[in-house]
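Everything numeric here is computed off the predicted structure, so don't read it as measured data. Note: hydrogens, waters and symmetry copies are ignored here, and every other heavy atom, side chains too, is used. Whatever order the structure lists them in is the order used to number ligands and atoms, beginning at 1.
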Amino acid sequence: MIRLNGRTEFQLAYYHPNGAHYERHRDALPTDDPEDTDQRRVTAVLYLNPGWTSGDGGELKIYGRLDKHGMPVGADRLVKPQLGKILLFLSGVVDHEVMASKKPRYALTSWMR
Ligand SMILES: O=C(O)CCC(=O)C(=O)O
Ligand SMILES: [Fe+2]
């Protein structure tokens with residue numbers, strides 16, 4: 001079960017077309033503790049880029065989960081930041097990275113706590 005406290009944070013991000021990117025990270029520490037209401041629980045990203053194509057870069061790379069030995073389970077995925085696409089994931093669980101962008105890239109992110 002995911003417990004949300006109703007406090008949602010928003011961010012409108014712009015990535016410059018000169019290769020702006022965001023290195024591999026998670027948006028929160030993983031936690032199941034219901035008392036810990038400060039952590040981000042769910043990340044939702046709405047992409048705002050019309051006409052985005054493969055050569056434009058700027059994909060969101062979702063890293064495959066690791067098993068208990070640190071070996072990847074399942075493939076990494078690349079998500080194009082196309083207008084109207086919404087992506088949801090668990091903030092404390094999913095490693096992700098924004099690849100270098102060759103076009104102006106806009107994304108509205110919300111973090112639900
Ligand atoms: O813009 C995206 O695709 C994700 C951005 C991101 O990972 C973040 O702001 O934490
Ligand atoms: Fe992130």
### Query
Which N/O/S atom belongs to Asp27 and is the closest one to the Fe ion (ligand 2)?
OD1

#### Entry: atom 3 (O) of ligand 1: nearest protein contact (heavy atom, Å)
Tyr47 OH, 2.6 Å

### Message
So does Thr37 get a backbone contact from the side chain of Asn5, meaning a donor-acceptor N/O pair under 3.5 Å?
### Response
yes

### Query
Numbering the atoms of ligand 1 from 1, which are under 4.0 Å from a heavy atom of Ala107?
1 (O)

### Query
When you check the gap from the basic side-chain N to the acidic O, do Lys102 and Asp56 get nearer than 4.0 Å?
no

### Message
Determine whether a donor-acceptor pair (N or O, by modelled atom type, separation under 3.5 Å) exists between the side chain of His25 and the backbone of Glu23.
### Response
yes

### Spacing of Arg26 atom CZ and Leu90 atom CG [to the nearest 0.5 Å]
10.5 Å

### Message
With respect to Thr109, determine whether any N or O atom, backbone or side chain, lies less than 3.5 Å from an N or O atom of ligand 1.
### Response
no

### Task
Note the single closest protein heavy atom to atom 5 (C) of ligand 1, along with its residue, its atom name and the distance in Å.
Tyr15 OH, 3.8 Å

### Message
Please list the nearest protein heavy atom to atom 8 (C) of ligand 1 with its residue and the distance rounded to 0.1 Å.
### Response
Tyr22 CE1, 3.5 Å

### Message
Yes or no: does Tyr14 have any heavy atom under 4.0 Å from an atom of ligand 1?
### Response
no

### Message
Under a 3.5 Å distance rule, please check whether Asn49 uses its side chain to pair with a backbone N or O of Leu83 as donor and acceptor.
### Response
no

### Query
Is the shortest distance from a heavy atom of Gln11 to ligand 1 less than 4.0 Å?
yes

#### Entry: Ring center gap for Tyr63 and His96 short of 6.0 angstrom
no

### Summary
Tested for side chain to side chain donor-acceptor pair (under 3.5 Å) against Ser91, the lone hit among Asp27, Thr31, Thr43 is Thr43

### Message
Any nitrogen or oxygen of Trp111 lying under 3.5 Å from a nitrogen or oxygen in ligand 1? Just yes or no.
### Response
no

### Query
How close does the nearest protein non-hydrogen atom get to atom 1 (O) of ligand 1, and which residue and atom is it?
Arg105 NH1, 2.9 Å

### Task
Round to 10° and report the angle made at the Fe ion (ligand 2) by NE2 of His96 and NE2 of His25.
90°

### Task
Quick one: closest heavy-atom pair of Lys103 and Ser101, and the distance?
O-OG, 2.7 Å

#### Entry: Element-labelled atoms of ligand 1 that are located less than 4.0 Å from some non-hydrogen atom of His25
6 (C), 7 (O), 8 (C), 10 (O)

### Message
Checking contacts here: is it the side chain or the backbone of Val79 that comes within 4.0 Å of ligand 1, counting heavy atoms only? Could be both or neither.
### Response
neither

### Trp52 side-chain N/O to Gly57 backbone N/O, donor-acceptor pair under 3.5 Å
yes

